[in-house]
Protein chains: 2
Amino acid sequence: MAQSNNVTPLFNDLAKIEHDHVACQDCSLYRLCLPLGLHNNDLNKLDEIITRSQGYKRGQSLFSEENSFKSLYVVRSGSFKTTISTSNGREQVTGFYFPGEFIGLDAIHHESYQSTAKALESSSVCELPYDSLQDIGKEMPQLQVQLLTRLSKELAGDKSLMLLLGKKTSKEKLATYLLSLSKRFHDRGFSATDFQLSMSRGDIANHLGLAVETVSRIFSRFQEEGLITLDGKAISLQDMDRLKALCG
Amino acid sequence: MAQSNNVTPLFNDLAKIEHDHVACQDCSLYRLCLPLGLHNNDLNKLDEIITRSQGYKRGQSLFSEENSFKSLYVVRSGSFKTTISTSNGREQVTGFYFPGEFIGLDAIHHESYQSTAKALESSSVCELPYDSLQDIGKEMPQLQVQLLTRLSKELAGDKSLMLLLGKKTSKEKLATYLLSLSKRFHDRGFSATDFQLSMSRGDIANHLGLAVETVSRIFSRFQEEGLITLDGKAISLQDMDRLKALCG
DNA sequence: TTATATCCATGATCTAGATCAATTTGTGTG
DNA sequence: CACACAAATTGATCTAGATCATGGATATAA
């Protein structure tokens, strides 16, 4: 795959490769995305209800907490973060989302978005109006199964994150996080060891329940120990085995 | 509702009220459970695939991490906890489950259970073999929608728990936890202020990312401040408003 | 009933990571 | 390109909550 040669890939490269209105069957994300297992007619029907968005700039919101729920979104290019807040304004980054991943699944039940989703870089999404999705889902059990499976995957990820937040030390948190990113980049055809951190140190810290300063210090420590090299947002994992051992 | 008069309800009281093989349409959990919105034939089909378990004793496992995934479970009476572990044996309580709530939703994607589920008291469940559920789901879109909605609800709950674990102080954690229990008891027709904690202090502490000692101390502090009264496992919320204000 | 184990409460001490403070580096904008 | 502002690093200090230690209360079993 061409992208593998690119040492510092950004997910929005994908946006340039794809044309704006590429159909699901021609999309490079096909095998990571919802349509997996759908064929011909079904795929066409799905295509019809999807709106492919114009781009979102860094910091722009896809939706905000309390907005009424209308659509699920799949990241097409770039990346997003979701956050929720306490009543007195403290914020928690609940997730980062990369191409092929769903945003808004936790809104289905409450019928309003439970979080705010913001682009971390220039990004685009596919919008799936939930009503339409249900309509066509009635005659496409496979689509429902896919949705269910996606939800289940996110749920499992969140449980792991609970373990991380509740029981891991700061070093273990960082190591776990880096390896999780690594896996997701690899799944998308990019290098598992060399990639760009599209989120700020602050976002990482917040997501892992740490202070920014702690993240900075541990990144420095990891570099001293030869585990990673870091140049601004570009990171390179130098010793995956020792990183794995550090996850706890 | 009769239960409301009982000042110290235990969810396994429900088990005594219900007969062992009560059908979904006659089950007191109906409106909290999966069948909501299903009728007649559909309900009967669902009934047919459900296995109603014999009881589980305190500490007994429903399934363990890594077991291959076969069924979803709905708590019929009593309560359960789920836990996941780091490779070096540290454990995190990822959730508590009360009557009408689903256990095992995070296993669908991985096709193996991602956690261990243990009974906290004498309990029983309805077992829903996932394959059968998918079979009948093909002709019952409403069933799929229900499942999806359930998953979404748990997802939203887990996101809130991330906020709790990542950003709240120990007092805020406890207050939030007590009010969450209160709501769930209330939804089940029990008192919102007086109930039994079926889980140990250790389980609570673990779930909230605290030490047992901290939980003990804060319970004592809350009593001194007239927020709650506590007698062993029996708790009474004396000042819901101040508790709410304490959630952060 | 007593034995034995587990759970719970409370005090004393310690520490991982937060907070505060000062620099440096990076970045968008006129 | 230089200004202004946000992000990141590094060091010094502080503190919320963990850990350690002890004694009392509860539960389970023979």
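Per chain, numbering begins at 1; letters A, B, ... match sequence-line order.
- Taken residue by residue, residues 211-223 of chain A places heavy atoms nearer than 4.0 Å to DNA chain D at Glu213(A), Ser216(A), Arg217(A), Ser220(A).
- Of the possible donor and acceptor atoms, none in the side chain of Glu91(A) sits under 3.5 Å from a partner among the backbone N and O of Gly89(A).
- Using a cut-off of 4.0 Å between Lys/Arg side-chain N and Asp/Glu carboxylate O, Lys159(A) and Glu154(B) are scored as salt-bridged.
- The existence of a salt bridge linking Glu101(A) and Arg188(A) is confirmed by a sub-4.0 Å separation between a basic side-chain nitrogen and an acidic carboxylate oxygen.
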Q: Treat primed atoms plus P, OP1 and OP2 as sugar-phosphate and everything else as base, then score nucleotides 23-30 of chain D 5' to 3': B for base contact with protein heavy atoms under 4.0 Å, S for sugar-phosphate contact only, - for none.
A: --------
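- Ring geometry for Tyr113(B) against Tyr73(B) counts as tilted: the plane angle lies between 30° and 60°, on a 0 to 90° scale.
- Among the protein residues, Gly232(B) comes within range of no part of the nucleic acid, since none of its heavy atoms lies under 4.0 Å from any strand.
- Nearest heavy atom pair, residue Cys126(B) against residue Arg76(B), reads SG-CD, 3.3 Å.
- Nucleic acid contact for Gly59(A): none, since no nucleic acid atom lies under 4.0 Å from a heavy atom of the residue.
- Listed by residue number, the members of residues 160-178 of chain B with any heavy atom below 4.0 angstrom from DNA chain D are Thr169(B), Ser170(B).
- Within the 3.5 Å criterion, the main-chain N or O of Ile218(A) finds no donor-acceptor partner in the side chain of Lys171(A).
- Using cut-offs of 30° and 60° for the angle between ring planes, the His207(A) and Tyr177(A) rings count as perpendicular.
- Here the closest non-hydrogen pair linking Ser64(B) and Thr116(B) is CA-OG1, 3.6 Å.
- The minimum heavy-atom distance between Ser123(A) and Gly78(A), with the atom names listed, is OG-CA, 3.3 Å.
- Residues Ser124(A) and Ser77(A) come closest through the heavy atom pair OG-OG, 2.8 Å.
- For the side chain to side chain contact (heavy atoms under 4.5 Å, CB included) with Leu178(A), the qualifying choice from Ile204(A), Ile235(A), Leu246(A) is Ile235(A), the only one to do so.
- Considering Phe98(A), Phe185(A), Phe190(A) in turn, Phe185(A) is the only one that fulfils the ring pair (Phe, Tyr, Trp, His ring centres under 6.0 Å) rule with Phe195(A).
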Could you list the donor-acceptor pairs under 3.5 angstrom formed by side chains in residues 223-234 of chain A, with sequence neighbours left out?
from      : atom 1 : to        : atom 2 : distance (Å)
Gln223(A) : NE2    : Leu230(A) : O      : 3.4
Thr229(A) : OG1    : Gln238(A) : NE2    : 3.4
Lys233(A) : NZ     : Met199(A) : O      : 3.3

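- Taking the charged nitrogens against the carboxylate oxygens, Glu172(A) and Arg90(B) do have a contact shorter than 4.0 Å, which makes a salt bridge.
- First and last contacting nucleotides of DNA chain C toward chain A (any atom under 4.0 angstrom from a heavy atom, 5' to 3' order): dG17(C) to dC20(C).
- Glu127(A) and Lys70(A) are joined by a salt bridge, as a carboxylate oxygen and a charged side-chain nitrogen come within less than 4.0 angstrom of each other.
- Rounded to 10°, the helix from dT1(C)-dA30(D) to dG30(C)-dC1(D) has 60° between the axis fitted to its first five pairs and the one fitted to its last five.
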